[in-house]
Amino acid sequence: MPARVLVVDDSAVVRQALAQILGRAGLAVTTANDPIIAMDKMCRERPDAIVLDLEMPRMDGLTFLRKVMAEDPIPVVVCSGLAGPGSEIALRALEEGAVDIVEKPRLAVKDFLEGSAARLVHVVRAAVLARVHRRPAARHPPPKLQGCSGFILPARPAARGPGARVVVVGASTGGTEALRQLLEAMPPDAPGIAIVQHMPPVFTAQFAARLDRSCRIEVKEAAEGDRLHPGRALVAPGDRHLALRRAGEVYVVDVLTGPPVSLHRPSVNVLFRSAAQAAGGNAAGVILTGMGDDGADGLAELRAAGARTLAQDEASCVVFGMPKEAIARGAVEEVLPLSRIAPALLDWWRSPPSGPWHRP
């Protein structure tokens with residue numbers, strides 16, 4: 001029996017385009033032009049996933065999402081505008097329990113959606129497989145402390161030894177919340193962290209900014225030549241690969257164009273392979289929740305180069321696909337619940353180096 005998908009959007013053009021694209025992929029699609037009609041249809045037949053617009057009459061999408069997640073959780077993919085306030089609201093939707101974002105421009109919507117059909121189908125299929133739970137109201141953390149009397153950050157490690165170590169992380173469906181939990185657990189002197197989260201352009205900058213406000217470390221969207229040092233996390237820009245390289249005694253990142261790798265740009269494999277070459281045993285690789293196999297081969301290369309390699313366990317994943325593939329290929333040294341990944345990384349970071357910092 002095909003998976004059932006409910007498309008909720010007040011635009012007839014969008015409803016038609018999504019129904020055609022998802023229908024061609026073998027999904028059973030029904031549509032509703034607002035959340036009130038959607039709730040009526042859901043009472044008659046429960047969908048396996050929902051594709052949800054955020055700006056609609058009678059009830060906005062965020063309110064509808066909160067209702068779904070509080071009463072009868074169903075995986076929700078947000079269909080949102082690319083720029084302006086829409087991207088901020090879409091990120092709030094991820095915090096409220098949505099599992100992914102699909103971009104939707106203001107103009108030429110049908111042509112754009114047709115051109116993005118492969119990603120649309122991938123995201124919705126991942127949502128169908130996602131495990132979601134009832135959620136309390138989203139937590140809105142206080143602003144990051146910028147400095148106050150009596151508040152002193154610990155000194156950062158020197159460039160050699162533990163300071164020469166870096167962490168690379170890959171995630172997809174469900175990864176935005178997993179990354180938030182991971183990064184909020186990091187102290188100000190944590191190792192430098194480079195991140196690939198499958199996410200459309202524009203959203204990555206605001207995603208990084210939101211993390212920066214809630215974390216004790218600095219979090220920013222990566223720019224060409226940014227230095228990766230303790231206390232900083234760099235997030236790959238949407239539609240650009242992120243690669244790590246060594247420049248003298250420091251690490252810097254390159255932001256690259258080029259074809260998708262493992263169906264994605266940015267690709268976790270690109271980041272992990274670059275870290276294997278640049279850092280070898282001075283790197284730790286982490287694969288988090290997501291559908292598909294992006295990152296599995298790169299994590300195997302990291303492990304072969306002597307890196308520490310971790311995977312999120314099935315019970316704490318929204319979608320266990322990416323960790324499962326990495327485990328199957330022998331790429332994972334240890335499988336841990338999400339809550340134990342940050343402590344494991346910090347134990348590794350603070351342990352004595354096994355040898356001098358050298359190019360593998």
- Query: Do Ile195 and Leu179 have side-chain heavy atoms sitting under 4.5 Å apart?
  - Reply: yes
Result for side-chain contact (heavy atoms from CB on, under 4.5 Å) between Ile74 and one of Asp48, Val68, Leu65 points to Val68
Exercise. Indicate yes or no: does Asp9 engage Arg15 in a salt bridge with an N to O separation below 4.0 Å.
Key: no
Counting heavy atoms not belonging to Ile37, are there more than 12 under 6.0 Å from its CD1?
yes
### Task
Could you tell me whether the side chains of Thr204 and Glu221 share a donor-acceptor contact shorter than 3.5 Å?
yes
Let me check something: any side-chain donor-acceptor pairs from residues 16-31 under 3.5 Å, sequence neighbours excluded? List them with distances.
from	atom 1	to	atom 2	distance (Å)
Arg24	NH2	Glu114	OE1	2.9

Legend entry - Side chain to side chain, Asp60 and Glu55, heavy atoms closer than 4.5 Å: no
Margin query: With a 4.5 Å cut-off on side-chain heavy atoms, are Arg165 and Trp348 touching?
Written below: yes
CG of Leu302 to CD of Gln277, rounded to nearest 0.5 Å, is 10.0 Å
Separation between CG (Leu338) and CD (Gln181), nearest 0.5 Å, reads 4.5 Å
Check: Trp349 and Pro230 side chains under 4.5 Å, non-hydrogen atoms
yes
- Query: Okay, side chain of Ser274, backbone of Leu244: is any donor-acceptor separation there less than 3.5 Å?
  - Reply: yes
d(Gln197 CD, Phe207 CZ) to nearest 0.5 Å is 5.5 Å
CD1 of Ile287 to OG of Ser172, rounded to nearest 0.5 Å, is 9.5 Å
Residue set satisfying side chain to side chain donor-acceptor pair (under 3.5 Å) with Glu71, at least two apart, ordered chain then number -> Lys67
All heavy atoms of Pro201 vs all of Glu103, minimum pair found to be CD-OE1, 3.7 Å
**Message:** Between the side chains of Asp212 and Lys220, is the shortest nitrogen-to-carboxylate-oxygen separation below 4.0 Å, so that they form an ion pair?
**Reply:** no
### Query
Side chains of Val250 and His229: does their closest heavy-atom pair fall under 4.5 Å?
no
Practice prompt. Decide, yes or no, whether a salt bridge links Glu95 with Arg92 under the criterion of side-chain N to carboxylate O below 4.0 Å.
Written response: no
For His264, the ring-ring contact (aromatic ring centres under 6.0 Å, His included) test, sequence neighbours excluded, returns His122, His198
On a heavy-atom basis, the closest approach of Ala331 and Ala300 is CB-N, 3.3 Å
Taken to the nearest 0.5 Å, the spacing of Ile101 CD1 from Leu52 CG works out to 12.0 Å
Do the side chains of Val169 and Val261 join up, straight or via other hydrophobic residues, at under 4.5 Å, putting them in one cluster? no
Q: Report yes or no: does Asp226 contribute a side-chain atom to a donor-acceptor pair with the main-chain N or O of Ala223 at less than 3.5 Å?
A: yes
inquiry  = Check this for me, if you would: do Arg46 and Asp72 make a salt bridge, where the nitrogen-to-carboxylate-oxygen distance has to be below 4.0 angstrom?
reply    = yes
Sequence neighbours excluded, the answer for salt bridge (charged side-chain N to carboxylate O under 4.0 Å, His left out) partners of Glu301 is Arg273
Residues 327-341 vs side-chain hydrogen bond (donor to acceptor under 3.5 Å, both in side chains), sequence neighbours excluded, gives Asp293-Arg329, Asp297-Arg329, Arg308-Glu333, Arg308-Glu334, Glu325-Arg329
One should read off an interatomic distance between Asp189 CG and Ile217 CD1, to the nearest 0.5 angstrom, of 10.5 Å
In Val286, Leu345, Ile341, the residue satisfying side-chain contact (heavy atoms from CB on, under 4.5 Å) with Leu336 is Ile341
Across all chains, not counting sequence neighbours, the side chain to side chain donor-acceptor pair (under 3.5 Å) partners of Thr309 are none
